[in-house]
Asker: 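Right, I'll just put the structure down here and ask away after.
Keep in mind the model is a prediction, meaning the values are calculated, not measured. Below, read A as the first sequence line, B as the second, and so on, with proteins coming before strands; counting in each chain starts at 1.
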There are 2 protein chains.
Amino acid sequence: MKPKMTLKKIASELGLSISTVSKALKDDKDISQENRDKVQAFAKFYNYRPNSIALSLKNKKTKTIGVIIPEIVHHFFAKVISGIEEVANSKEYNVIIGVTNESLDKEAINMEMLIDGSIDGFIISLSKETLLKQNYIHLQEIQNRNIPIVMFDRVVDDIVCDKIIVDDREAGQMAVQKLVDIGCKKILLLTTMDYLNIGRLRTEGYKDALDINGIEYNEDLVIKIGELGDSDEEQRSLEDRINKVFDKHPDIDGIFGVNEIYAVTALNVARMRGLNVPDALSVIGFSDGILSKYARPHLTTVSQHGFQIGELAAQTLIDRLEKEEELPFTTQLIKTELIIRDSTRSTPILSK
Amino acid sequence: MKPKMTLKKIASELGLSISTVSKALKDDKDISQENRDKVQAFAKFYNYRPNSIALSLKNKKTKTIGVIIPEIVHHFFAKVISGIEEVANSKEYNVIIGVTNESLDKEAINMEMLIDGSIDGFIISLSKETLLKQNYIHLQEIQNRNIPIVMFDRVVDDIVCDKIIVDDREAGQMAVQKLVDIGCKKILLLTTMDYLNIGRLRTEGYKDALDINGIEYNEDLVIKIGELGDSDEEQRSLEDRINKVFDKHPDIDGIFGVNEIYAVTALNVARMRGLNVPDALSVIGFSDGILSKYARPHLTTVSQHGFQIGELAAQTLIDRLEKEEELPFTTQLIKTELIIRDSTRSTPILSK
DNA sequence: TTGTATGCGTTATCAT
DNA sequence: ATGATAACGCATACAA
């Protein structure tokens with residue numbers, strides 16, 4: 001095993017001073033060619049690498065980004081991390097991940113753990129509990145310490161910082177408009193409780209689309225799901241709720257689910273009821289994840305461009321970190337995209 | 001904005017020396033109660049937190065774990081990270097993630113970035129390219145520097161270190177045995193190329209099960225998939241290959257896919273051919289991910305306990321990091337579990 | 001009871 | 001052309 005090399009060791013080994021070695025390593029013209037060569041060869045042989053901790057201490061920069069997310073076993077967040085990693089790596093930044101499991105406490109603890117100088121800035125998507133309780137003292141604490149924050153997706157107005165968001169309202173409208181365009185008259189909405197921005201905004205988009213097309217909003221056709229865990233029971237209860245709505249409104253001809261799971265669940269329920277998708281019923285989901293791709297029929301869905309969001313978040317943070325001037329805070333809106341697959345009719349029903 | 005607090009500032013502010021402040025903060029009996037109170041109150045008010053970088057430099061420990069994985073948008077790896085996070089957090093460790101995208105170069109670069117003192121140890125699952133090229137110099141370099149490595153899932157004999165592996169061979173055998181038990185006579189195997197341990201071992205398990213049950217191995221019934229990306233074309237080509245095998249062997253009554261995607265793809269193909277699953281054909285997959293849960297019928301699958309693997313990997317690494325003595329290297333085998341859902345018949349066909 | 005000095009590894013400023 | 005010294009923030013052995 002090779003010993004860890006430090007400037008000190010190289011210096012004493014070569015009979016030079018630490019500062020000479022340091023300069024020689026950077027090929028400083030001050031140092032004689034001979035010594036430069038000697039030092040560099042020695043360093044290379046022993047695989048010398050400057051200790052990044054010492055550098056961090058000296059430079060007061062860690063070149064590390066802290067990423068706080070509610071869940072990692074989740075297609076969208078995983079994609080975002082992917083994008084962050086990509087940009088961060090290309091700029092020689094490391095990425096520390098903290099998972100909150102949708103808990104306010106864990107969010108606060110996770111961030112606490114990192115504000116002791118471990119990271120230069122945060123990229124965060126808030127936990128459900130944080131949004132529900134509207135408790136942001138941990139975020140304010142971060143800002144007091146002048147540590148930059150970039151929020152994405154699950155953002156909040158009370159904190160002033162850079163934000164990257166999906167235009168959820170427009171996305172919802174676009175999806176429902178598509179359903180209307182292909183002839184749907186009675187569209188079931190599967191959404192979340194209102195405290196989740198994403199659900200609320202997509203729901204508003206749903207209403208917008210109905211409005212524009214002169215379709216009356218019917219509360220019966222909206223299912224708001226509180227919590228949906230992995231468990232089979234919760235899954236089944238959602239199926240039950242969908243089934244009940246269908247019992248009462250058998251003429252539903254379109255479904256919009258604000259995430260993949262809702263949409264795929266609806267797809268399965270519809271098929272169990274013997275409804276032909278997409279001929280009798282069209283379905284659109286949200287988040288272009290693995291479920292949408294492998295569902296049968298393949299699910300038409302709104303893509304959120306998670307990777308791109310990650311890239312942009314990292315880029316925004318690093319820009320702020322590295323620019324001298326004070327940059328103004330920005331809110332960047334990422335356009336969504338409707339990915340047409342097989343769960344929506346390709347041609348409108350000809351009505352007359 | 002509160003200024004960053006340091007011992008130095010507290011000391012000068014309170015007219016004490018740095019070391020007095022340092023001791024007072026740890027409630028050292030050496031220091032007068034009066035000063036202890038004063039310092040602690042002051043520190044609390046200004047929200048003082050010892051700078052972790054300075055501590056790392058002093059202690060030569062970063063309390064940070066580097067995790068290197070091939071992919072993050074992947075259920076199994078995400079689960080493993082979850083498990084690592086859980087244990088790491090509870091022990092006050094941070095987790096830095098590096099994603100290799102299955103590339104040897106990125107694996108080496110990612111690890112290079114971290115061996116400059118940023119982390120205390122690695123947890124890694126090797127990239128496909130690394131396994132294919134069998135190039136481990138970057139790993140040896142790590143070991144030269146005496147940085148502990150824990151490998152999981154995609155491990156390799158040439159590197160001596162702690163390992164956490166799934167008993168893939170046994171798991172494969174168990175799955176196929178289940179198919180045999182419920183009466184399958186002709187079982188199609190969807191597997192990877194042999195250079196991936198996981199595919200090779202599961203394939204061996206398949207053969208084991210056939211052997212034990214006196215069923216002849218038939219090469220026709222084995223589809224080895226080289227690379228399968230996300231793209232629709234690749235997806236379709238797999239479907240084509242499966243279809244061709246079915247054309248030649250319409251009496252296939254069981255399918256074992258070494259991952260979720262293969263199994264779900266097979267499920268879809270079977271259904272397109274009008275085969276009733278599970279009555280005419282039973283299917284078993286691998287990795288208990290989201291696809292298995294939402295596929296119709298719900299997919300019977302081998303669960304790898306990714307979360308548990310992550311927990312164990314982190315625990316093993318931290319143990320080695322914190323114990324004084326030299327621990328012997330261990331290889332821990334995680335048992336898999338067959339999760340019976342609806343893609344397998346519940347009762348054997350009565351043959352006579 | 002308090003304070004001084006040293007070292008962790010590096011870079012930069014300022015002698016020599 | 002080379003080297004001594006200080007500083008980053010902290011802990012600690014040792015002095016006072």
Asker: A/F76 versus A/I309: any side-chain heavy-atom pair under 4.5 Å?
Answerer: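 Sidechains of A/I309 and A/F76: in contact.
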Asker: Choose from C/dT10, D/dT2, D/dG9 the nucleotide whose nearest atom is closest to any side-chain atom of A/L57.
Answerer: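 Selected nucleotide: D/dG9.
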Asker: Does a nitrogen or oxygen in the side chain of B/Y48 sit under 4.0 Å from OP1 or OP2 of D/dG9?
Answerer: no
Asker: Please state whether the phosphate of D/dG9, meaning OP1 or OP2, lies under 4.0 angstrom from any side-chain nitrogen or oxygen of A/K60.
Answerer: yes
Asker: Using whole Å, report how far CG of B/L55 lies from P of D/dT12.
Answerer: 9 Å
Asker: Hey, is A/E13 close enough to A/K9 for a salt bridge, meaning N to O under 4.0 Å?
Answerer: no
Asker: Whole angstrom is fine here: how far is it from CG in B/D120 over to P in C/dC8?
Answerer: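 Atom CG in B/D120 sits about 18 Å away from atom P in C/dC8.
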Asker: How is B/S32 classified with respect to the nucleic acid when contacts are heavy atoms under 4.0 Å: base, sugar-phosphate, or nothing?
Answerer: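 Contact class for B/S32: sugar-phosphate only.
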Asker: Side-chain N or O of B/N35 versus OP1/OP2 of C/dT2: is the shortest distance under 4.0 Å?
Answerer: yes
Asker: Under 4.0 Å, counting only non-hydrogen atoms across every strand here, what does A/I18 touch: a base, just sugar-phosphate, or nothing?
Answerer: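 It contacts base atoms.
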Asker: Nearest to the side chain of B/K8, heavy atoms from C-beta on, is which of D/dC10, C/dG3, D/dC8?
Answerer: D/dC8
Asker: Whole-Å distance between D/dA7 P and A/I53 CD1?
Answerer: 23 Å
Asker: Taking atom P of D/dA11 as reference, at what distance in whole Å does atom CG of B/N59 sit?
Answerer: 8 Å
Asker: Send over the distance from B/L25 CG to D/dC10 C1', rounded to a whole Å.
Answerer: 11 Å
Asker: Compare the minimum distances between each of D/dG3, D/dC10, C/dT10 and the side chain of A/K58, then state the nucleotide with the smallest one.
Answerer: C/dT10
Asker: Going by an N to O cut-off under 4.0 Å, is there a salt bridge joining B/R154 and B/E102?
Answerer: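 A salt bridge links B/R154 with B/E102.
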Asker: To the nearest Å, give me how far apart CG (A/D30) and P (C/dT11) are.
Answerer: 15 Å
Asker: Look at A/S17 and D/dG3 and indicate whether a side-chain polar atom (N or O) is within less than 4.0 Å of OP1 or OP2.
Answerer: yes
Asker: Measure from CG on B/D28 to C1' on D/dC10 and round the result to the nearest Å.
Answerer: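 Spelled out: CG on B/D28 to C1' on D/dC10 is 15 Å.
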Asker: If you assign each of A/K4 and B/L16 to its closest nucleotide in DNA chain C, which residue comes earlier from the 5' end?
Answerer: B/L16
Asker: When all nucleic acid strands are considered with a 4.0 Å heavy-atom cut-off, which category describes A/L7: base, sugar-phosphate, or nothing?
Answerer: base
Asker: Rounded to whole Å, please give me the gap between NZ in A/K61 and C1' in D/dG9.
Answerer: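 Distance, rounded to whole Å: 19 Å.
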Asker: Considering only heavy atoms and no angle criterion, is a donor-acceptor pair shorter than 3.5 Å present between the side chain of A/K23 and the base of D/dG3?
Answerer: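 Per atom types, the contact qualifies.
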Asker: Mind jotting down which residue pairs meet the salt bridge (charged side-chain N to carboxylate O under 4.0 Å, His left out) criterion with at least one end in residues 55-73 of chain A? Sequence neighbours excluded, please.
Answerer: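 Residue pairs passing salt bridge (charged side-chain N to carboxylate O under 4.0 Å, His left out), neighbours aside: none found.
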Asker: Could you check A/I31 against B/T6 and say which one's nearest nucleotide on DNA chain D is further toward the 5' end?
Answerer: A/I31
Asker: Determine whether a donor-acceptor pair (N or O, by modelled atom type, separation under 3.5 Å) exists between the side chain of B/Q143 and the backbone of B/V160.
Answerer: yes
Asker: Could B/E112 and A/R49 be called an ion pair, given the rule that one side-chain N must be under 4.0 Å from one carboxylate O?
Answerer: yes
Asker: Where the side chain of B/S19 is concerned, which of D/dG3, D/dC10, D/dT12 is the nearest nucleotide?
Answerer: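 When the side chain of B/S19 is considered, D/dT12 is the closest of D/dG3, D/dC10, D/dT12.
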